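Counting begins at 1 with the first residue of the sequence. These numbers come from a predicted model, not from an experiment.
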Amino acid sequence: MFASHPINIINIIAGVVAITVGVLILIKDVKATLNLLFFYSLCAWGISLVLNGLTFLFKDPTIGANLIRDFVSGGGSVGAFLIFATAFTMYKGEHYLKKWYVNFPLIILAIANTVVGAIFDKVVYDSEDQTDIGTGIKTTQDAPWVLIFLYLVPVVMIILANIYFARTRKEVDDPVIKKRILFVILGFTFIVLGVLIFALNGVVDEINPDSPWEIVFWIFATLFWVAGPILQIIGFNLGKISPAGEEESTT
């Protein structure tokens with residue numbers, strides 16, 4: 001039923017790292033809205049990575065493999081929108097996120113992107129005629145446009161989040177807060193780079209299914225996915241905040 005591969009284990013480890021970092025951020029202040037948003041976003045992302053590794057442990061495209069893949073696509077999508085919500089809240093204030101004309105469009109877009117990605121992203125046999133030839137499984141999409149919902153939209157949301165993080169960083173004076181936000185930006189940038197590398201692997205696979213570069217793409221994507229949350233937890237634990245900046249800090 002299952003096929004063993006080191007990359008699957010690495011994906012699971014990367015996901016566990018992201019979830020662990022989310023928990024460590026949360027326990028710094030379980031009542032802080034931003035800490036909760038960081039926790040939810042990193043947990044969604046981490047669960048997506050863990051399930052991605054579990055998906056490729058299957059040798060056959062069973063109902064279980066396809067169901068797990070649905071959660072992989074959904075977790076990545078939800079995580080990206082939560083990351084944007086985190087950055088938007090940090091810049092505008094949590095009261096803005098409670099306004100219906102802000103949260104309603106964001107929720108609708110997140111649901112639409114998540115549903116489309118989950119429906120059209122499937123698990124099939126890793127062969128041209130999609131039959132069992134002993135090479136295991138792969139993910140595929142019914143049409144190339146599905147990649148927009150799987151990769152492009154989440155990447156755009158995280159890039160927009162980084163823009164808001166950067167604008168917040170520009171407006172604060174406390175040097176420690178500036179450093180913390182910088183590490184947050186770097187962390188999410190690494191996650192974006194991992195997504196782009198993984199997406200590039202999908203494009204290469206569509207062009208040349210027998211490409212020997214798949215393992216290289218997976219390794220680099222996973223390294224970025226592990227490094228991203230680690231950079232963030234380093235940032236969250238940097239130094240001490242001056243009394244004047246303590247109230248501005250939400251981490």
Side-chain touch Gln232/Phe183, heavy atoms, less than 4.5 angstrom: no
Quick check with a 6.0 Å cut-off and a 45 degree axis cone: is Lys99 positioned over the face of Tyr101's six-membered ring? no
Flag side-chain contact, heavy atom, 4.5 Å: Val192 against Phe224: no
With a 4.5 Å heavy-atom cut-off, do Thr89 and Tyr96 have their side chains touching? no
Report yes if the distance between the aromatic ring centroids of Phe217 and Phe198 is under 6.0 Å, otherwise no. no
Under the 3.5 angstrom rule, does the side chain of Lys138 hit a backbone N or O of Val124 as a donor-acceptor pair? no
Side chain to side chain, Phe190 and Leu231, heavy atoms closer than 4.5 Å: yes
Would you say Lys59's side chain and Gly136's backbone share a donor-acceptor pair under 3.5 angstrom? no
Under the side chain to side chain donor-acceptor pair (under 3.5 Å) rule, what pairs show up with a residue in residues 189-198, not counting sequence neighbours? Asn162-Thr189
Has the side chain of Ser73 got a donor or acceptor atom that lies under 3.5 Å from a matching backbone atom of Arg69? yes
Under 4.5 Å between any side-chain heavy atoms of Tyr125 and Pro61, yes or no? yes
Between Leu147 and Leu152, is any pair of side-chain heavy atoms under 4.5 Å apart? no
Looking at the rings of Phe84 and Tyr164, which for Trp means the six-membered one, are their centres under 6.0 Å apart? yes
Lys179 atom NZ, neighbour heavy-atom count above 12 within 6.0 Å: no
Any side-chain to backbone donor/acceptor pair from Asn35 onto Lys31? Under 3.5 Å, distance only. no
Answer yes or no: are there more than 12 heavy-atom neighbours, outside Ile108 itself, under 6.0 Å from its atom CD1? yes
Write down the atom of Leu97, the atom of Asn103, and the distance for their closest heavy-atom approach. O-ND2, 3.1 Å
Donor-acceptor list for residues 36-51 side chains, cut-off 3.5 Å, not counting sequence neighbours:
from: Ser41; atom 1: OG; to: Leu37; atom 2: O; distance (Å): 3.0
from: Ser41; atom 1: OG; to: Phe38; atom 2: O; distance (Å): 2.9
from: Ser48; atom 1: OG; to: Val72; atom 2: O; distance (Å): 2.7

Within the structure provided, determine whether Phe56 and Thr139 are in side-chain contact (heavy-atom separation under 4.5 Å). yes
